[in-house]
Amino acid sequence: MTNAADPVVVIVTARPDPGGLARLFASDYPTLAFADPAAALVALDRHPADLVLIEAGPGLDPVGLVRTLRLRPRLAHASILLVAAGDPAETRDRALAAGATDVVLAPLDPSDLALRGRNLIALARAQGAAEGQTRALAQEVERAVAESQEREREIIRRLMLAAEYRDDQAGGHLTRVAGCVLAITDGLGLSEEEGNDIALASTMHDIGKIGVADSILRKPGPLTDAERTEMMQHALRGYRMLHDSPSPLLRLAAEIALTHHERWDGGGYPQGLKGTEIPLAGRITAVADVFDALISARVYKPGWPLERARRFLEEQSGAHFDPACVTAFLSRWEDVVTLVEERPADQAA
């Protein structure tokens, strides 16, 4: 056996003198030669080679060995050259089907075998290099996507700040709504990624209120019909601000802005959608938004106790709210209580 710490060529042959075949490559490449396939497999597990040359002979199943080699992920790009006797068509078909790269039929022409071996080494290295470039490109794309997603999230955070400056109470409200949305998406069994997206997008549900006059937004008493009509426009305004963005998150936020005031029974606004006509993200945000609005003080009302707000959700399940969203929310009630304790809403008007 030729010694090589990091072999480029591994030869498996039933010859009494395996090193004889190895001499075709040993002058140019680190080469190991084995008469025992099991020993060859151990060596290849430690140091995958660019070329595995298998010569059929007594006690050596070359096609079976090829199959075994191809099951090893680290040999995915190794070239496997099979030297065998027998019917040319049958031998080639069986070997190639098993995963051999090329087949040479005995009797051997040493110079031809050496040339084929060198070409296959070059092929293996080219495939490995191509995969390395592909991996590098995929990593670069992944980094670019991550950066793009972070920019999207930063845009949303900035728009949240705009809403917070517009309404002194908005910051705590938006944080609690997002937390409630996460409780609902978890209760519904949505993926963590989908839940996080809906929660982040939900923080922009009232972005359209930027266009509502302070005299209406902060009015301490009941709104007139005209003022209520103006206030209701915030759903459409928020949608128009966001819907044509190339960002999937901002488009999701647009959908939520438009639909979070729709009702399960069809009595909501601005489109009067009913049941599952309302996008799921809008139905989820409706529960979270109303719950937090109930427990929070406003200029026109004090905040409700948690249990009273809970009873309201239960009473309005199937009327105002999607019953599945209410059930999901209540299934995570302890998490909601913890959220409100950590981010308390102002109870006094």
Side-chain angles (χ1 to χ4, degrees), residues 149 152-153 155-164 166-167 169-171 173-182 184-185 188 190 193-213 216-217 223 225-294 313 316-326 328-329:
Q149 290 174 339
E152 290 176 2
R153 285 167 170 75
I155 290 170
I156 292 175
R157 286 191 287 267
R158 295 295 174 180
L159 288 171
M160 281 176 58
L161 285 174
E164 186 175 0
R166 190 70 175 83
D167 181 351
Q169 295 175 319
H173 171 63
L174 298 179
T175 302
R176 289 189 300 273
V177 167
C180 290
V181 166
L182 285 175
I184 297 169
T185 58
L188 290 174
L190 301 186
E193 180 180 4
E194 190 172 6
N196 287 338
D197 284 348
I198 296 174
L200 183 58
S202 75
T203 62
M204 302 177 64
H205 65 278
D206 277 341
I207 193 68
K209 285 185 177 179
I210 289 176
V212 178
I216 297 175
L217 192 62
L223 300 179
D225 288 345
E227 289 170 337
R228 185 174 302 280
T229 298
E230 173 62 18
M231 176 69 85
M232 291 168 62
Q233 294 302 308
H234 81 274
L236 278 169
R237 287 173 180 156
Y239 172 76
R240 290 168 181 160
M241 289 171 62
L242 304 170
H243 79 281
D244 56 354
S245 169
S247 161
L249 267 174
L250 290 178
R251 292 198 300 272
L252 177 61
E255 178 182 87
I256 291 172
L258 181 65
T259 62
H260 72 286
H261 283 297
E262 300 289 355
R263 290 174 52 109
W264 184 255
D265 60 10
Y269 68 89
Q271 300 175 91
L273 301 179
K274 183 176 182 180
T276 56
E277 293 175 349
I278 308 166
L280 179 59
R283 304 195 313 261
I284 291 171
T285 304
V287 174
D289 180 37
V290 170
F291 173 77
D292 193 72
L294 291 174
L313 295 184
Q316 290 297 312
S317 176
H320 191 148
F321 308 114
D322 177 352
C325 292
V326 174
F329 182 73

(message) Rounded at 0.5 Å granularity, tell me how far CG in Asp322 sits from CZ in Phe329.
(response) 14.0 Å
(request) Take atom CG of Asp244 as the centre, draw a 6.0 Å sphere, and report whether it contains more than 12 heavy atoms from other residues, nucleotides or ligands. (result) yes
(message) I want to check something: taking the side chain as every heavy atom from C-beta on, are Leu188 and Ile284 in contact at a cut-off of under 4.5 Å?
(response) yes
(request) Answer whether the closest heavy-atom distance between the side chains of Val290 and His320 falls below 4.5 Å. (result) yes
(request) Of all the heavy-atom pairs spanning Thr203 and Ala178, show the shortest one and how long it is. (result) CG2-CB, 3.9 Å
(message) For Arg263 versus Ile278, what's the shortest heavy-atom pair and its separation?
(response) O-CD1, 3.3 Å
(request) Could you go through the side chain to side chain contact (heavy atoms under 4.5 Å, CB included) check for Ile210 and His234 one step at a time? (result) CA-CA 8 Å; Ile210 289 176; His234 81 274; over 6 Å; no
(message) Once salt bridge (Lys or Arg N to Asp or Glu O under 4.0 Å) is applied, what residue pairs with a partner in residues 228-240 remain, sequence neighbours excluded?
(response) Glu230-Arg237
(request) May I ask you to test the Leu223-Met231 pair for a side-chain heavy-atom distance under 4.5 Å? (result) yes
(message) Which heavy atom of Met204 sits nearest to which heavy atom of Ala253, and what is that distance?
(response) SD-CB, 4.0 Å
(request) List the atom of Ile207, the atom of Gly238, and the distance in Å for their closest heavy-atom pair. (result) CG2-CA, 3.8 Å
(message) Could you tell me if the side chain of Pro270 sits less than 4.5 Å from the side chain of Leu258, heavy atoms only?
(response) yes
(message) Any heavy-atom pair between the side chains of Leu280 and Cys325 that's under 4.5 Å?
(response) yes
(request) Look up atom OG in Ser317 and atom CH2 in Trp264, then write down how far apart they are to the nearest 0.5 Å. (result) 9.0 Å
(request) State, with a plain yes or no, whether a side-chain heavy atom of Ile256 is found less than 4.5 Å away from one of Ile198. (result) yes
(request) Would you name the heavy atoms of Pro279 and Leu273 that are closest together and state the gap between them? (result) CD-CD1, 4.4 Å
(message) Checking His205 against Asp289: is there a side-chain donor and acceptor pair closer than 3.5 Å?
(response) yes
(message) Students often mix this up, so state it plainly: with edges at 30° and 60°, are the rings of His261 and Tyr269 parallel, tilted or perpendicular?
(response) parallel
(message) Testing Val177, Thr285, Val287 one by one against His260 for a side chain to side chain contact (heavy atoms under 4.5 Å, CB included), which residue passes?
(response) Thr285
(request) Look up atom CG in Asp206 and atom CG in Leu174, then write down how far apart they are to the nearest 0.5 Å. (result) 7.5 Å
(request) Give the minimum heavy-atom separation between Thr185 and Gly195, together with the two atoms involved. (result) OG1-CA, 3.6 Å
(message) Taking Glu262's backbone N and O only, do any of them form a donor-acceptor pair with Thr259's side chain (distance below 3.5 Å, no angle check)?
(response) no
(request) Taking Arg251 for its side chain and Ser245 for its backbone only, find out whether a donor-acceptor pair lies under 3.5 Å. (result) yes
(request) Indicate yes or no for a side-chain donor-acceptor contact from Gln316 to the backbone of Leu313 under 3.5 Å, with no hydrogens or angles considered. (result) no
(message) For a 4.5 angstrom cut-off between non-hydrogen side-chain atoms, does Leu200 reach Leu249?
(response) yes
(request) Measure the shortest side-chain to side-chain distance between Asn196 and Leu182 over non-hydrogen atoms and say whether it is less than 4.5 angstrom. (result) yes
